[in-house]
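As structure tokens, the structure follows; a few thoughts come after it.
Protein chains get the first letters and strands the later ones, always in sequence-line order, with residue 1 at the start of each. None of the values given here were measured: they were computed from a predicted structure.
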There are 4 protein chains.
Amino acid sequence: MATPVYSGARTAQRGRPRDASRDDALRRAALEVMAEVGYRALTMDAVAARARAGKATIYRRWESKLDLVIDTCTQLAHQNLPEPDTGSLTGDLREFLSGFAAFLSGPIGKAAQALVGELPHEPELAVAFRETFLTTQRDVLRRILERADERGELRPEAPRGMAVELAGAALIYRLMLTGDPLDLPFVDRVVDQVLVPLVAEGHQLTGVELT
Amino acid sequence: MATPVYSGARTAQRGRPRDASRDDALRRAALEVMAEVGYRALTMDAVAARARAGKATIYRRWESKLDLVIDTCTQLAHQNLPEPDTGSLTGDLREFLSGFAAFLSGPIGKAAQALVGELPHEPELAVAFRETFLTTQRDVLRRILERADERGELRPEAPRGMAVELAGAALIYRLMLTGDPLDLPFVDRVVDQVLVPLVAEGHQLTGVELT
Amino acid sequence: MATPVYSGARTAQRGRPRDASRDDALRRAALEVMAEVGYRALTMDAVAARARAGKATIYRRWESKLDLVIDTCTQLAHQNLPEPDTGSLTGDLREFLSGFAAFLSGPIGKAAQALVGELPHEPELAVAFRETFLTTQRDVLRRILERADERGELRPEAPRGMAVELAGAALIYRLMLTGDPLDLPFVDRVVDQVLVPLVAEGHQLTGVELT
Amino acid sequence: MATPVYSGARTAQRGRPRDASRDDALRRAALEVMAEVGYRALTMDAVAARARAGKATIYRRWESKLDLVIDTCTQLAHQNLPEPDTGSLTGDLREFLSGFAAFLSGPIGKAAQALVGELPHEPELAVAFRETFLTTQRDVLRRILERADERGELRPEAPRGMAVELAGAALIYRLMLTGDPLDLPFVDRVVDQVLVPLVAEGHQLTGVELT
DNA sequence: CGATAATCGAGACGGTACGTCGAGTCTTTAG
DNA sequence: CTAAAGACTCGACGTACCGTCTCGATTATCG
């Protein structure tokens, strides 16, 4: 599901029209509550109360708590990924990954983490989640590598897919598993020690251990 | 928490002692139920019923559902990490990571995933989780690198910490986020394209894109 | 308590109104269950299940099992006391007491008995109980004596209060303590051997021992 | 049941002998707890704790909570009924009933009341209860009337059985139902206005209404 | 215009699970 | 074998949340 349900192109729209401003109010309330108490402890009653809405108003738009949360995240995710074009591979990576890191460090990152545990048992959620948090980011990275390739910065046999995967993995592993901060020094190390050596022409593996 | 609560300070041991065999029966029941329906849908009643135990018998040992699950996983996790010593870095990495991948692909991996969403709101869980699933594995990897270093296989300035982090990140990202299989080819690619080039002496970055 | 709790003060009636038909269904279920298994063994789950109601629906109306039972009895008690006016003291007494005996012999008598044990520890219950089972019946008896007095049937110094008390005592003692049946012969003996001689003009104490 | 269970005249009595003083301590504890919180709220744990005994020590003697309470009451009931012989019907009645009233006004009266509600569903209890609280008292009254008869104080056709029943009914009705006090003035009125007129030779029904 | 119909906040509804507590049994150590 | 202590199974307790439903009131379009 993961999108407010509208009764699909109906015949001439009878009755009182749905108040679109409630969508936002409810999503905002859901995000606030989830940021405060986490996904598990989020209750529909709490969301409804915070938005001063009836529960039916929620269920008219989303089929379940999960559905509401997915949509809330998706909505916010689509507008926050920068696509830099600095002219150099290193610059593009640094800029994009630091933006993505900042994005993940906010409330949406917490929400995303809350959803991870549900993925194996909620196929629809899994699809939506991957679309929102993985595919989009992966596509931007792929285009960055492509442009670098056109500029001749990449070695021919560079493992582009692995680089893309590692970039995401490194950030999300920190965010969700170790709990270490997604700060700029870390992004720099990922770029300089891993990604650039992995794919760029003429690079020696000369990373310096910084910890 | 994450461990059955015993009344501390062996004060002469009055009354009927806890039946230790119930601990196992309850953990076993919890694992079975979780494997069948997932963490969210796991109920204490179901665990109690399957173990033919009263709920009080559970709550006497663990403070909550979460606590029970953590302990169940921890118990099982401590005995499943191989520590290979094949004499070569590549061999050690390949063997260890494929073992770890197999371990994560089982029911414990699913349980671990279920717990990830709770980490930000459960500090005790976070500590236990990292101890169980991250530190142990990280330490083995560190020792593998150390032995390789002693054999002179590593470059002096190799980013050992980053390599350790990437190894875990790559596997867990697949397991929990993308859902792609943790099979042998994938482990080989991580070893050959990423880890070995990252730290080993005399390696050119010559990974071949396979996917 | 002893009455369904309504949110007092008809404040504009917000939200879905209580379904009054559930009150009856729940009371009926409670009475059935109590008749089958007694007060002690009556469980809220059983009442809820029989009425196909959620337990919250019960607790929304009554604070406790005791409260539910009190209200159930009170409800049924208010409509079952006859007030005969046959024109003679003997006739009135006979008719009223046999009606009261029949009433007590039914399920409500059993329920009343179940409540007696709680009276000392439940002041609210005591008040409600006495109002329902004692005062009402006592008032009818008092009026019967009054009418007899107006017809000149009573001796001036007749102990009216004692007569009223004895009438109730004799019936309830049988019902709850001895377990002997509250049948017509018994009522007749109480009227002929005790009450009428106690208060009526020109009566000799000529009761004949029957048992 | 209603009596401590002893393993019946065993062969040579092996093992540690049962400590008879625990019987009393447990009964005392049971009576105290019941006086404080009533029968319903009495718990075996509370009784055990107050007597500093284990629950098994209770269950070794009595089969259930009900059994314990019955026995506790019975034990105390058997030693408290006076059998006066003042030489006159009025004197005997007055003395006996005031003694019985005092007895009922104590903790045992409360306990008895607590048991009334269980009678319909506990046949064994009913038998024990009636034996303890009804039959004994009824027999004394019967003997009082017999002696009065032998002295020629009774009318030949006096309803002796009814008088006996009324005496008990009047007291217990007050005690358990109305909650009015069982004081001396009340006993006197029962004797003078009801019992004596009902059975004694040469009595006019001249009771004076006092309250 | 009035009638119709879908919306809104509010909260009652049937269910399910929660975590606690009591009854009665069992199992330990100590005597 | 009995004692105290306390763990054991079972089941009811009263609460909280889910997702649905029903109310009065509101807001649009249709006839």
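Judged as a salt bridge (charged side-chain N to carboxylate O under 4.0 Å, His left out), and not counting sequence neighbours, A:Lys65 has no contacts. The salt bridge (charged side-chain N to carboxylate O under 4.0 Å, His left out) check on B:Lys110 picks up nothing, with sequence neighbours excluded. Remark: C:Arg28 engages C:Asp24, C:Glu32 in a side chain to side chain contact (heavy atoms under 4.5 Å, CB included) (not counting sequence neighbours). Scored by the salt bridge (charged side-chain N to carboxylate O under 4.0 Å, His left out) test, A:Arg40 finds B:Glu118 as partners (sequence neighbours excluded). In this structure A:Ala112 satisfies the side chain to side chain contact (heavy atoms under 4.5 Å, CB included) test together with A:Phe129, A:Phe133, A:Met176, sequence neighbours excluded. The side chain to side chain contact (heavy atoms under 4.5 Å, CB included) check on C:Val37 picks up C:Val33, C:Ala41, with sequence neighbours excluded. Residues meeting the ring pair (Phe, Tyr, Trp, His ring centres under 6.0 Å) test with A:Tyr39, sequence neighbours left out: none. Considering only residues two or more places apart in sequence or on other chains, D:Glu122 meets the side chain to side chain donor-acceptor pair (under 3.5 Å) condition with none of them. Under the rule for a side chain to side chain contact (heavy atoms under 4.5 Å, CB included), the partners of D:Glu36 that lie at least two apart in sequence or sit in another chain are D:Arg50.
Rounded to whole Å, the distance from CG on A:Leu68 to P on F:dG19 is 11 Å. Atoms CZ (B:Arg60) and P (E:dG19) sit 15 Å apart, rounded to a whole Å. Counting to the nearest Å, the C1' atom of F:dA7 and the CG atom of B:Leu26 are 13 Å from each other. C:Asp24 places its CG atom 17 Å from the C1' atom of E:dC13, with the value rounded to the nearest Å. Rounding to whole angstrom units, CG of residue B:Leu66 and P of E:dG19 are separated by 11 Å. The CG-P distance, from A:Asp67 to F:dG19, rounds to 10 Å in whole Å. In this entry the distance linking CG of A:Asp19 with C1' of E:dA5 reads 17 Å, nearest Å.
The side chain of C:Arg16 places no N or O atom within less than 4.0 Å of a non-bridging phosphate oxygen (OP1 or OP2) of F:dT20. The side chain of C:Arg14 contributes no N or O atom lying less than 4.0 Å from OP1 or OP2 of F:dC23. In this model, the phosphate group of E:dA12 is not approached by any side-chain N or O of C:Arg61 to a distance below 4.0 Å at OP1 or OP2.
Annotation: side chain of C:Cys73 is not in contact with side chain of C:Thr132 (no heavy-atom distance under 4.5 Å).
Only D:Arg52, D:Ala53, D:Gly54, D:Thr57, listed by number, bring a heavy atom of residues 48-59 of chain D to less than 4.0 angstrom from any atom of DNA chain F. A heavy-atom distance below 4.0 Å to DNA chain E is reached by none of the residues of residues 36-45 of chain A.
In secondary-structure terms, DNA chain F builds stems of at least 3 consecutive Watson-Crick or G-U pairs, each pair having both distances under 3.5 Å, at E:1-31 with F:1-31.
The side chain to side chain donor-acceptor pair (under 3.5 Å) with B:Asp23 is formed by just one residue from the set B:Gln75, B:Arg18, B:Arg61; it is B:Arg61.
Nucleic acid contact for D:Ser64: sugar-phosphate only, since backbone atoms but no base atoms lie under 4.0 Å from a heavy atom of the residue.
Listed here is the closest heavy atom pair of B:Ala128 and B:Ile70: CB-CG2, 3.8 Å.
Between B:Arg22 and A:Lys65, the one whose closest nucleotide on DNA chain F sits nearer the 5' end is B:Arg22. If you find the closest nucleotide of DNA chain E to D:Ala46 and to C:Gly15, the one lying nearer the 5' end belongs to C:Gly15.
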